[in-house]
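Computation of the quantities below employed the complete heavy-atom set of this structure, encompassing side-chain atoms and omitting hydrogens, waters and symmetry-equivalent molecules.
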Amino acid sequence: MAKAIPKIFPRTLHKFCRWHIMNKHKDPLKKLYKLFPDLKDQLTAILNHPLMPSEFEDAWKALIEKYNLHDINVMINLWAERKLWISAYWKEVFCARMTSTQRSESMNFVLKRGFVTERDNLHIFAKQVNNCVQARHEAENAEANASTGTRKTVTRYGFEAQVMDKYTRAVYSVFRERQYHSTAFRIKTSQDNPNNYLVHHYIQRKEFAWSRHEFRVLADEAEGRYECECKLWEHTGLFCHHVIAVFEHLRLDEIPSKYILQRYTKDAVTNPDFNRRDYRTTTEDVTSIEYR
């Protein structure tokens, strides 16, 4: 696949799924987690938070040094492939939040985690698949019922009312959770430019590089420009904690429409392309043709 993709899809960026990478190395990682109880949390923090490439590498090297993991094969392999699965190296590439497993693989994960095991017989597997499908239907029905209720903003800020009105319920929930976590960040105005802000987490723990970093945010209300060096918006189309914290700091009334991507709104499919599947027509000899 790695050789074929550049030839067939030359404009496509091919990267590895983080879930598969971590799953491939789960057994040796479990052994390390038992030896070093704090290692899992610190490794997860390095992988989860929006570090820049240089900071990721510094944080990784500090982790290796702290636990003396220089000669551990799993850590050497993870490091060797880092540019293929660590998002810090392609933050400027838009991926629409598709950085891990897709729907079919996620369903596979749900089955294995909560319903079936490798030791189950076929008849038990079939029964558990039905239980899984029923549970999913119940969850979807509960979500549908909840979606009919009236939504309320958490704050009185104009920008939150705007995104609640524009975004789908699921995307707005993501935004609202980020807005909640944004309150843990502190803001300083840059001395060089009043439109530049330095945003950092209020707990600056030494073991977590992301918590010590001051993210630079450009917020130019006159030009309608809002950018963060973590590049989460460029990568996913949704704002990061740092920009949202600046929104609240500025008491922003409205986010420029260019930052509200249609794919995340209630009007995502307003003019769907014509689809010939299931289209039936009649030929000159009165026979019918069905396209699928």
Self-check item: Lys266 (side chain) donor-acceptor with Asp165 (main chain) under 3.5 angstrom
Solution: yes
Exercise. Could I get the full list of salt bridge (charged side-chain N to carboxylate O under 4.0 Å, His left out) partners for Glu221, not counting sequence neighbours?
Key: none
Exercise. First locate atom CD of Glu254, then atom CZ of Phe159, and finally report the distance between them rounded to the nearest 0.5 Å.
Key: 12.5 Å
Quiz prompt | Shared hydrophobic cluster for Ile124 and Phe115 (ILVMFWY, side-chain gaps under 4.5 Å) | solution = no
Quiz item: Mind checking whether Tyr157 and Arg251 have side chains closer than 4.5 Å, heavy atoms only?
Solution: yes
Quiz item: Hey, any chance Met75 and Tyr33 share a hydrophobic cluster, counting ILVMFWY side chains that come within less than 4.5 Å of each other, even indirectly?
Solution: yes
Practice problem: Flag yes if more than 12 heavy atoms outside Arg82 fall under 6.0 Å of its CZ atom; otherwise flag no. | Solution: yes
Exercise. Report the residues that fulfil side chain to side chain contact (heavy atoms under 4.5 Å, CB included) with Tyr180, sequence neighbours left out, ordered by chain and then residue number.
Key: none
Quiz prompt | Closest non-hydrogen atom pair, Pro6 against Lys3 | solution = CD-O, 3.4 Å
Quiz item: Is the backbone of His123 close enough, under 3.5 Å, to the side chain of Asn121 for a donor and an acceptor to pair up by distance?
Solution: no
Quiz item: Do His242 and Val246 come close enough that some side-chain heavy atom pair is under 4.5 Å?
Solution: no
Quiz item: Does CD in Glu81 sit with more than 12 non-hydrogen atoms of other residues, nucleotides or ligands closer than 6.0 Å?
Solution: yes
Quiz prompt | Sequence-distant partners of Lys188, salt bridge (charged side-chain N to carboxylate O under 4.0 Å, His left out), two or more places apart | solution = Glu214
Quiz item: Is any side-chain heavy atom of Phe239 less than 4.5 Å from a side-chain heavy atom of Arg178?
Solution: no
Quiz prompt | Which residues share a ring pair (Phe, Tyr, Trp, His ring centres under 6.0 Å) with Tyr226, sequence neighbours left out | solution = Phe247
Quiz prompt | Set of residues satisfying ring pair (Phe, Tyr, Trp, His ring centres under 6.0 Å) with respect to Tyr172, sequence neighbours excluded | solution = none
Exercise. State, yes or no, whether a side-chain contact exists between Met22 and Leu47 at a heavy-atom distance under 4.5 Å.
Key: yes
Quiz item: Of the non-hydrogen atoms in Ser190 and Arg216, which two are nearest, and what is the gap between them?
Solution: OG-NH1, 4.5 Å
Quiz item: Got Val171 and Thr265 here, is their nearest side-chain heavy-atom distance under 4.5 Å?
Solution: no
Quiz item: In chain order, what residues pass the ring pair (Phe, Tyr, Trp, His ring centres under 6.0 Å) check against His14, with sequence neighbours excluded?
Solution: Phe16
Self-check item: Leu238 and Tyr167, any side-chain heavy atoms less than 4.5 Å apart
Solution: yes
Quiz item: Residues in side chain to side chain donor-acceptor pair (under 3.5 Å) with Asn73, at least two apart?
Solution: none
Quiz item: What's the spacing between Arg176 CZ and Ile244 CD1 if we round to 0.5 Å?
Solution: 12.5 Å
Self-check item: Counterpart residues, salt bridge (charged side-chain N to carboxylate O under 4.0 Å, His left out), relative to Glu160 (two or more places apart)
Solution: none
Quiz item: Any chance NZ of Lys258 has more than 12 other-residue heavy atoms, nucleotides or ligands included, within less than 6.0 Å?
Solution: yes
Practice problem: Enter the distance from Ile72:CD1 to Leu32:CG here, rounded to the nearest 0.5 Å. | Solution: 6.0 Å
Quiz prompt | Nearest heavy atoms of Val243 and Cys228, plus distance in Å | solution = CG2-CB, 3.6 Å
Quiz item: Quick one: NE2 on His70 to NZ on Lys61, what's the gap to the nearest 0.5 Å?
Solution: 10.5 Å
Quiz item: Can you name the side chain to side chain contact (heavy atoms under 4.5 Å, CB included) partners of Thr12, sequence neighbours left out?
Solution: Ile5, Phe9
Quiz item: Just wondering, are more than 12 heavy atoms of other shown residues or ligands nearer than 6.0 Å to NZ in Lys166?
Solution: no
Quiz item: How about Glu57 and Trp79: do any of their side-chain heavy atoms sit closer than 4.5 Å?
Solution: yes
Exercise. Starting from the C-alpha separation in whole Å, work towards a yes-or-no answer on side-chain contact (heavy atoms from CB on, under 4.5 Å) for Ile46 and Gln42.
Key: CA-CA 6 Å; Ile46 293 174; Gln42 295 184 27; 5.6 Å; no
Self-check item: Modelled atom types, side-chain donor and acceptor of Glu227 and Tyr259, under 3.5 Å
Solution: no
Self-check item: Spacing of SG belonging to Cys240 relative to NE2 belonging to His235, to within rounding of 0.5 Å
Solution: 12.5 Å
Quiz prompt | Where His241 and Ser182 come nearest, the two heavy atoms and their spacing | solution = O-CB, 3.4 Å
Quiz item: Looking at side-chain heavy atoms only, is the closest gap between Asp38 and Tyr67 below 4.5 Å?
Solution: yes
Quiz item: Shared ILVMFWY cluster between Leu35 and Leu43, side chains joined below 4.5 angstrom?
Solution: yes
Quiz item: Can you name the residues that form a ring pair (Phe, Tyr, Trp, His ring centres under 6.0 Å) with Phe125, not counting sequence neighbours?
Solution: none
Practice problem: Identify the two heavy atoms, one from Thr155 and one from Thr153, that lie closest to each other, and give their separation to 0.1 Å. | Solution: O-OG1, 2.7 Å
Quiz item: Taking a hydrophobic cluster as the set of Ile, Leu, Val, Met, Phe, Trp and Tyr residues connected by side-chain heavy atoms closer than 4.5 Å, whether directly or through intermediates, do Ile21 and Leu39 fall within one such cluster?
Solution: yes
Exercise. Spell out, as yes or no, whether a donor-acceptor pair under 3.5 Å connects the side chain of Lys83 to the backbone of Lys15.
Key: no
Quiz item: For Glu223, which residues count as a side chain to side chain contact (heavy atoms under 4.5 Å, CB included) partner, sequence neighbours excluded?
Solution: Asp220, Arg225
Exercise. Any chance you could measure Asp267, atom CG, to Thr168, atom OG1, to the nearest 0.5 Å?
Key: 11.0 Å
Quiz prompt | Set of salt bridge (charged side-chain N to carboxylate O under 4.0 Å, His left out) partners for Arg186, sequence neighbours left out | solution = none
Quiz item: Between Gly237 and Leu261, which heavy-atom pair has the shortest distance, and what is it?
Solution: CA-CD1, 3.6 Å
Practice problem: Establish, from distance only, whether the side-chain atoms of Gln128 and Asn131 form a donor-acceptor pair under 3.5 Å. | Solution: yes
Exercise. Examine Ile260 and Val174 and state if one hydrophobic cluster contains both, with Ile, Leu, Val, Met, Phe, Trp and Tyr joined whenever side-chain heavy atoms are less than 4.5 Å apart.
Key: yes
